[in-house]
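Read the structure below first, then the notes.
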Amino acid sequence: MTTAIIGNTPFRKCETLSQLYESQFFIKEEFHNPSMSAKDRPAFFMIREAIAKGQIKPGGTFVEASSGNTGLGIATFAKQLGYQSQIFVSKSCSSEKIDALRMAGARVEICENSNGLHDFYSTQFRAQSYAATHPNSYFTNQYYNPQNIRSHYKTTGPELWKQTAGQITHFIAGIGTGGTISGVGRYLKEQNPNITIWGVEPKGSILSEFLTTGAIPEQHATYDKIEGIGRSFIPGAFDRDVVDHIFQVDIEEAEVAARQYRQLTGSLVGYSSAALLASLQRHKEQMGLTKEQHIVLFFPDHGSRYVSKIYSDLFDRLKTSLNIS
Ligand code: PMP
(Lines give C-alpha, C1' and ligand atoms only; values in the text may rest on other atoms or scores of the structure.)
Protein backbone atom coordinates (compact mmCIF):
# COMPACT_ATOMS: atom_id res chain seq x y z
CA MET A 1 0.00 0.00 0.00
CA THR A 2 1.14 3.55 -0.72
CA THR A 3 1.91 4.35 2.94
CA ALA A 4 5.02 2.20 2.48
CA ILE A 5 6.47 4.83 0.19
CA ILE A 6 5.88 7.95 2.27
CA GLY A 7 9.07 9.96 2.63
CA ASN A 8 12.55 9.19 1.36
CA THR A 9 11.86 11.88 -1.19
CA PRO A 10 14.51 13.05 -3.69
CA PHE A 11 17.06 15.64 -2.77
CA ARG A 12 19.05 17.47 -5.41
CA LYS A 13 21.39 20.35 -5.94
CA CYS A 14 19.90 23.41 -7.61
CA GLU A 15 22.56 24.81 -9.94
CA THR A 16 20.46 27.82 -10.88
CA LEU A 17 20.09 29.09 -7.31
CA SER A 18 23.66 28.12 -6.44
CA GLN A 19 24.98 30.30 -9.29
CA LEU A 20 22.53 33.10 -8.67
CA TYR A 21 23.31 33.46 -4.96
CA GLU A 22 26.90 32.11 -5.01
CA SER A 23 26.20 29.48 -2.39
CA GLN A 24 25.37 25.75 -2.40
CA PHE A 25 21.61 25.31 -2.78
CA PHE A 26 19.72 22.04 -2.47
CA ILE A 27 16.04 21.21 -2.75
CA LYS A 28 14.07 18.59 -0.87
CA GLU A 29 11.30 17.60 -3.28
CA GLU A 30 8.32 16.59 -1.22
CA PHE A 31 5.91 16.37 -4.14
CA HIS A 32 7.17 12.83 -4.68
CA ASN A 33 5.09 11.64 -1.72
CA PRO A 34 2.02 9.48 -2.55
CA SER A 35 -0.50 12.33 -2.51
CA MET A 36 2.14 14.77 -3.70
CA SER A 37 3.04 16.73 -0.58
CA ALA A 38 5.09 16.74 2.62
CA LYS A 39 1.86 16.58 4.57
CA ASP A 40 1.55 12.85 3.86
CA ARG A 41 4.07 12.41 6.66
CA PRO A 42 2.01 13.95 9.50
CA ALA A 43 -1.26 12.71 7.97
CA PHE A 44 -0.06 9.13 8.17
CA PHE A 45 1.46 9.47 11.66
CA MET A 46 -1.76 11.03 13.02
CA ILE A 47 -4.05 8.43 11.45
CA ARG A 48 -1.86 5.54 12.50
CA GLU A 49 -1.82 6.66 16.12
CA ALA A 50 -5.58 7.26 16.30
CA ILE A 51 -6.27 3.77 14.93
CA ALA A 52 -3.68 2.13 17.18
CA LYS A 53 -5.14 3.83 20.27
CA GLY A 54 -8.69 2.83 19.31
CA GLN A 55 -9.80 6.47 19.03
CA ILE A 56 -11.80 5.61 15.90
CA LYS A 57 -13.48 2.39 14.78
CA PRO A 58 -13.34 0.93 11.25
CA GLY A 59 -15.63 2.82 8.89
CA GLY A 60 -15.39 6.01 10.98
CA THR A 61 -14.59 9.48 9.68
CA PHE A 62 -11.28 11.30 9.95
CA VAL A 63 -11.82 15.06 10.20
CA GLU A 64 -9.22 17.75 9.50
CA ALA A 65 -8.85 21.48 8.93
CA SER A 66 -6.38 21.93 6.13
CA SER A 67 -5.10 24.24 3.43
CA GLY A 68 -5.54 21.13 1.28
CA ASN A 69 -2.40 19.03 1.49
CA THR A 70 -2.87 17.46 4.93
CA GLY A 71 -6.48 16.84 4.01
CA LEU A 72 -5.39 15.05 0.88
CA GLY A 73 -3.04 12.80 2.83
CA ILE A 74 -5.78 12.07 5.38
CA ALA A 75 -8.35 11.37 2.65
CA THR A 76 -5.98 9.08 0.73
CA PHE A 77 -4.83 7.00 3.71
CA ALA A 78 -8.29 6.93 5.33
CA LYS A 79 -9.78 5.46 2.18
CA GLN A 80 -7.04 2.86 1.86
CA LEU A 81 -7.55 1.78 5.46
CA GLY A 82 -11.35 1.60 5.30
CA TYR A 83 -12.30 4.99 6.80
CA GLN A 84 -14.02 8.09 5.52
CA SER A 85 -12.84 11.69 5.57
CA GLN A 86 -14.38 15.12 6.08
CA ILE A 87 -12.04 17.98 5.26
CA PHE A 88 -12.56 21.68 6.02
CA VAL A 89 -10.63 24.04 3.75
CA SER A 90 -10.69 27.82 3.59
CA LYS A 91 -12.04 29.68 0.59
CA SER A 92 -8.49 30.55 -0.47
CA CYS A 93 -7.76 26.89 -1.28
CA SER A 94 -6.92 26.37 -4.97
CA SER A 95 -9.51 24.65 -7.16
CA GLU A 96 -6.89 22.03 -8.06
CA LYS A 97 -6.58 20.99 -4.40
CA ILE A 98 -10.35 20.90 -3.87
CA ASP A 99 -10.76 18.72 -6.96
CA ALA A 100 -7.97 16.40 -5.76
CA LEU A 101 -9.62 16.10 -2.32
CA ARG A 102 -12.95 15.12 -3.84
CA MET A 103 -11.24 12.63 -6.16
CA ALA A 104 -9.54 11.10 -3.12
CA GLY A 105 -12.99 10.48 -1.66
CA ALA A 106 -13.15 13.33 0.88
CA ARG A 107 -16.28 15.26 1.71
CA VAL A 108 -15.16 18.89 1.52
CA GLU A 109 -16.59 21.95 3.25
CA ILE A 110 -15.29 25.37 2.28
CA CYS A 111 -14.99 27.82 5.20
CA GLU A 112 -14.46 31.55 5.49
CA ASN A 113 -10.96 31.47 7.01
CA SER A 114 -8.41 29.40 8.92
CA ASN A 115 -8.04 31.76 11.87
CA GLY A 116 -8.09 29.11 14.58
CA LEU A 117 -10.43 27.45 17.03
CA HIS A 118 -11.77 30.71 18.52
CA ASP A 119 -13.32 31.78 15.20
CA PHE A 120 -16.73 30.26 14.46
CA TYR A 121 -16.18 30.57 10.69
CA SER A 122 -12.75 28.95 10.63
CA THR A 123 -11.78 25.56 9.26
CA GLN A 124 -10.48 24.59 12.72
CA PHE A 125 -13.71 25.49 14.54
CA ARG A 126 -15.85 23.73 11.97
CA ALA A 127 -13.67 20.59 12.09
CA GLN A 128 -13.74 20.44 15.89
CA SER A 129 -17.47 21.01 15.96
CA TYR A 130 -18.06 18.33 13.32
CA ALA A 131 -16.05 15.76 15.28
CA ALA A 132 -17.84 16.68 18.51
CA THR A 133 -21.26 16.12 16.99
CA HIS A 134 -20.64 13.05 14.81
CA PRO A 135 -20.13 9.68 16.50
CA ASN A 136 -17.14 7.64 15.41
CA SER A 137 -15.33 10.59 13.92
CA TYR A 138 -11.85 11.78 14.90
CA PHE A 139 -10.33 15.25 14.49
CA THR A 140 -6.65 14.76 13.74
CA ASN A 141 -6.03 18.43 14.63
CA GLN A 142 -2.65 18.94 12.98
CA TYR A 143 -2.13 22.34 14.67
CA TYR A 144 -1.89 20.67 18.10
CA ASN A 145 -1.25 16.99 17.40
CA PRO A 146 2.26 15.95 18.58
CA GLN A 147 2.40 13.40 15.76
CA ASN A 148 2.73 16.30 13.32
CA ILE A 149 6.13 17.37 14.69
CA ARG A 150 7.08 13.77 15.40
CA SER A 151 6.60 12.72 11.77
CA HIS A 152 9.21 15.25 10.65
CA TYR A 153 11.51 14.56 13.59
CA LYS A 154 11.44 10.85 12.82
CA THR A 155 11.57 10.95 9.02
CA THR A 156 12.33 14.29 7.29
CA GLY A 157 15.11 15.35 9.68
CA PRO A 158 17.07 12.06 9.48
CA GLU A 159 16.60 11.95 5.69
CA LEU A 160 18.12 15.42 5.32
CA TRP A 161 21.01 14.66 7.61
CA LYS A 162 21.79 11.55 5.57
CA GLN A 163 21.20 13.10 2.15
CA THR A 164 23.54 16.00 2.95
CA ALA A 165 26.09 13.68 4.60
CA GLY A 166 25.96 16.01 7.59
CA GLN A 167 27.05 18.99 5.45
CA ILE A 168 23.83 20.98 5.81
CA THR A 169 24.36 24.44 7.29
CA HIS A 170 20.91 26.00 6.74
CA PHE A 171 17.36 24.69 6.50
CA ILE A 172 14.63 26.97 5.12
CA ALA A 173 10.93 26.09 5.29
CA GLY A 174 7.58 27.85 5.22
CA ILE A 175 5.56 27.77 8.44
CA GLY A 176 1.90 26.79 8.54
CA THR A 177 1.24 24.53 11.52
CA GLY A 178 4.95 24.68 12.36
CA GLY A 179 5.24 20.88 12.25
CA THR A 180 7.91 20.75 9.56
CA ILE A 181 10.24 23.40 10.93
CA SER A 182 9.84 22.20 14.51
CA GLY A 183 10.48 18.51 13.81
CA VAL A 184 13.26 18.99 11.27
CA GLY A 185 14.77 21.88 13.25
CA ARG A 186 14.97 19.88 16.47
CA TYR A 187 16.47 16.84 14.78
CA LEU A 188 19.11 18.82 12.89
CA LYS A 189 20.11 20.93 15.88
CA GLU A 190 20.56 17.74 17.91
CA GLN A 191 23.04 16.55 15.26
CA ASN A 192 24.80 19.91 15.02
CA PRO A 193 23.66 22.93 17.08
CA ASN A 194 25.31 25.29 14.57
CA ILE A 195 22.80 24.49 11.83
CA THR A 196 20.64 27.54 11.15
CA ILE A 197 16.88 27.08 10.88
CA TRP A 198 15.00 29.78 8.98
CA GLY A 199 11.25 30.05 8.60
CA VAL A 200 9.30 31.97 5.97
CA GLU A 201 5.82 33.41 6.31
CA PRO A 202 3.71 35.97 4.45
CA LYS A 203 3.41 39.56 5.64
CA GLY A 204 0.58 39.89 8.14
CA SER A 205 1.37 36.56 9.77
CA ILE A 206 2.28 36.87 13.44
CA LEU A 207 4.95 34.22 14.03
CA SER A 208 8.04 36.31 13.24
CA GLU A 209 7.02 38.95 15.77
CA PHE A 210 6.24 36.24 18.30
CA LEU A 211 9.67 34.69 17.71
CA THR A 212 11.50 37.99 18.13
CA THR A 213 9.60 39.56 21.00
CA GLY A 214 7.73 36.70 22.65
CA ALA A 215 4.58 38.80 22.39
CA ILE A 216 1.45 37.60 20.64
CA PRO A 217 0.53 40.43 18.29
CA GLU A 218 -3.05 41.48 17.82
CA GLN A 219 -4.78 39.05 15.54
CA HIS A 220 -5.43 39.91 11.93
CA ALA A 221 -8.93 38.56 11.41
CA THR A 222 -8.81 38.73 7.63
CA TYR A 223 -5.44 37.12 7.40
CA ASP A 224 -5.19 34.11 5.03
CA LYS A 225 -2.69 34.67 2.27
CA ILE A 226 -0.08 32.30 0.85
CA GLU A 227 -1.66 28.83 0.72
CA GLY A 228 -0.16 26.57 3.37
CA ILE A 229 1.81 29.17 5.32
CA GLY A 230 1.18 32.06 7.68
CA ARG A 231 -1.00 32.29 10.77
CA SER A 232 -3.07 34.66 12.85
CA PHE A 233 -2.62 32.48 15.94
CA ILE A 234 0.28 30.56 17.47
CA PRO A 235 -0.09 26.86 16.58
CA GLY A 236 0.79 24.36 19.29
CA ALA A 237 3.01 22.58 16.76
CA PHE A 238 5.32 25.61 16.45
CA ASP A 239 8.47 25.14 18.57
CA ARG A 240 10.12 28.54 18.75
CA ASP A 241 13.18 27.11 20.53
CA VAL A 242 14.51 25.57 17.31
CA VAL A 243 13.87 28.44 14.89
CA ASP A 244 16.57 31.08 14.45
CA HIS A 245 14.73 33.63 12.34
CA ILE A 246 11.54 34.07 10.32
CA PHE A 247 11.58 36.08 7.10
CA GLN A 248 8.43 37.66 5.74
CA VAL A 249 7.49 38.06 2.06
CA ASP A 250 4.62 39.55 0.04
CA ILE A 251 2.28 37.25 -1.81
CA GLU A 252 3.00 39.20 -5.03
CA GLU A 253 6.75 38.72 -4.57
CA ALA A 254 6.17 34.98 -4.23
CA GLU A 255 4.16 34.87 -7.44
CA VAL A 256 6.83 36.80 -9.35
CA ALA A 257 9.55 34.54 -7.92
CA ALA A 258 7.60 31.45 -9.03
CA ARG A 259 7.32 32.72 -12.59
CA GLN A 260 10.98 33.76 -12.74
CA TYR A 261 12.02 30.36 -11.42
CA ARG A 262 9.95 28.70 -14.12
CA GLN A 263 11.69 30.80 -16.77
CA LEU A 264 15.11 29.90 -15.40
CA THR A 265 14.56 26.21 -14.66
CA GLY A 266 11.36 25.11 -16.41
CA SER A 267 9.96 23.91 -13.06
CA LEU A 268 6.63 24.85 -11.53
CA VAL A 269 6.80 25.48 -7.78
CA GLY A 270 4.04 25.55 -5.20
CA TYR A 271 2.97 28.78 -3.50
CA SER A 272 4.89 28.27 -0.29
CA SER A 273 7.99 27.08 -2.18
CA ALA A 274 7.75 30.31 -4.18
CA ALA A 275 7.71 32.19 -0.87
CA LEU A 276 11.09 30.64 -0.04
CA LEU A 277 12.46 31.83 -3.38
CA ALA A 278 11.08 35.31 -2.69
CA SER A 279 12.72 35.33 0.74
CA LEU A 280 16.12 34.80 -0.91
CA GLN A 281 15.55 37.71 -3.27
CA ARG A 282 14.31 40.07 -0.59
CA HIS A 283 16.57 39.11 2.32
CA LYS A 284 19.80 37.90 0.69
CA GLU A 285 21.92 40.62 2.34
CA GLN A 286 20.57 39.85 5.78
CA MET A 287 21.05 36.12 5.19
CA GLY A 288 24.77 36.70 4.58
CA LEU A 289 25.08 33.90 2.02
CA THR A 290 28.59 32.50 1.39
CA LYS A 291 30.10 29.92 -0.99
CA GLU A 292 30.68 27.36 1.77
CA GLN A 293 27.10 27.16 3.01
CA HIS A 294 24.89 24.16 2.22
CA ILE A 295 21.39 25.57 2.16
CA VAL A 296 18.39 23.25 1.92
CA LEU A 297 15.09 24.61 0.66
CA PHE A 298 12.05 22.55 1.60
CA PHE A 299 9.54 22.37 -1.28
CA PRO A 300 6.38 20.85 0.29
CA ASP A 301 4.35 20.49 -2.90
CA HIS A 302 4.32 21.24 -6.64
CA GLY A 303 3.23 24.13 -8.83
CA SER A 304 0.74 21.93 -10.65
CA ARG A 305 -1.53 22.43 -7.61
CA TYR A 306 -1.66 26.19 -8.30
CA VAL A 307 -1.67 26.56 -12.09
CA SER A 308 -4.95 28.51 -11.99
CA LYS A 309 -3.54 30.91 -9.41
CA ILE A 310 0.17 31.43 -10.07
CA TYR A 311 0.68 30.38 -13.67
CA SER A 312 -2.44 31.89 -15.17
CA ASP A 313 -0.75 32.15 -18.60
CA LEU A 314 -0.50 28.36 -18.67
CA PHE A 315 -4.04 28.05 -17.37
CA ASP A 316 -5.41 30.34 -20.09
CA ARG A 317 -3.58 28.35 -22.77
CA LEU A 318 -4.94 25.10 -21.37
CA LYS A 319 -8.49 26.46 -21.33
CA THR A 320 -8.15 27.68 -24.90
CA SER A 321 -6.84 24.33 -26.11
CA LEU A 322 -9.71 22.54 -24.34
CA ASN A 323 -12.19 25.11 -25.61
CA ILE A 324 -13.37 26.08 -22.08
CA SER A 325 -14.38 29.67 -21.32
N1 PMP B 1 3.51 24.64 2.38
C2 PMP B 1 2.40 23.99 2.04
C3 PMP B 1 2.02 23.94 0.59
C4 PMP B 1 1.60 23.39 3.00
O5 PMP B 1 0.48 22.73 2.64
C6 PMP B 1 1.96 23.50 4.35
C7 PMP B 1 1.09 22.90 5.41
N8 PMP B 1 0.04 23.75 5.78
C9 PMP B 1 3.14 24.20 4.67
C10 PMP B 1 3.91 24.74 3.66
C11 PMP B 1 3.58 24.40 6.08
O12 PMP B 1 4.01 23.23 6.71
P13 PMP B 1 3.80 23.06 8.24
O14 PMP B 1 2.33 22.93 8.48
O15 PMP B 1 4.53 21.80 8.58
O16 PMP B 1 4.35 24.25 8.93
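Numbering of ligands and ligand atoms starts at 1, following listing order. The first residue of the sequence shown is numbered 1, and numbering continues consecutively from there.
Remark: ligand 1 and Glu227 share no N or O pair separated by less than 3.5 Å (distance only, no angle test). Note: no N/O pair closer than 3.5 Å links Pro300 and ligand 1 by distance alone. Below 3.5 Å of separation, one finds an N or O of Gly228 facing an N or O of ligand 1.
Ring centroid separation for the pair Phe247 and Trp198 comes in under the 6.0 Å cut-off.
Ring-plane geometry between His302 and Phe31 is classed as perpendicular, the angle between the planes exceeding 60 degrees on a 0 to 90 degree scale with a lower cut at 30. Using bins of under 30°, 30° to 60° and over 60° for the plane-to-plane angle, the ring pair Tyr144/Phe233 lands in the parallel bin.
Look at Gly270 and you'll find every heavy atom at least 4.0 Å from all atoms of ligand 1. No heavy atom of Tyr143 sits closer than 4.0 Å to any atom of ligand 1. Using a 4.0 angstrom heavy-atom cutoff, Gly178 counts as in contact with ligand 1.
Shortest contact from atom 1 (N) of ligand 1 to any protein heavy atom: Ser272 OG, 2.6 Å. Asn69 ND2, 3.0 Å is the protein heavy atom nearest to atom 5 (O) of ligand 1.
Looking at Lys28 and Thr9, their side chains do bring a donor and an acceptor atom within 3.5 Å of each other.
Listed by atom number, the atoms of ligand 1 under 4.0 Å from Asp301 heavy atoms are 3 (C). In summary, the atoms of ligand 1 found under 4.0 Å from a heavy atom of Ile175, numbered by their order in the structure, are 16 (O). Atoms of ligand 1 lying under 4.0 Å from any heavy atom of Tyr306, numbered from 1 in the order shown and given with element: 3 (C). Distances below 4.0 Å separate heavy atoms of Thr177 from the following atoms of ligand 1: 13 (P), 14 (O), 15 (O), 16 (O). The contact set between ligand 1 and Ser67, taken as ligand atoms under 4.0 Å from a residue heavy atom, comprises 5 (O), 8 (N).
Looking only at side-chain heavy atoms (C-beta outward), Ile172 and Leu280 come within less than 4.5 Å of each other. The shortest distance between side-chain heavy atoms of Tyr153 and Val184 does not fall below 4.5 Å.
In this structure, Thr177 contributes its side chain and Tyr143 its backbone to no donor-acceptor pair below 3.5 Å. Checking side-chain atoms of Ser37 against main-chain N and O of Lys39 turns up a donor-acceptor pair under 3.5 Å.
Contacts between Gln142 and ligand 1 below 4.0 angstrom, taking non-hydrogen atoms only, are absent altogether. By the criterion of a heavy-atom distance under 4.0 Å, both the backbone and the side chain of Thr180 are placed next to ligand 1. With a 4.0 Å cut-off on non-hydrogen atoms, Phe299 does not touch ligand 1 at all.
A side chain to side chain donor-acceptor pair (under 3.5 Å) with Gln86 is found for exactly one of Arg107, Arg126, His134, Glu64, namely Arg107.
Note that NE2 of His170 and OG1 of Thr196 are 4.0 Å apart. Values are rounded to the nearest 0.5 Å.
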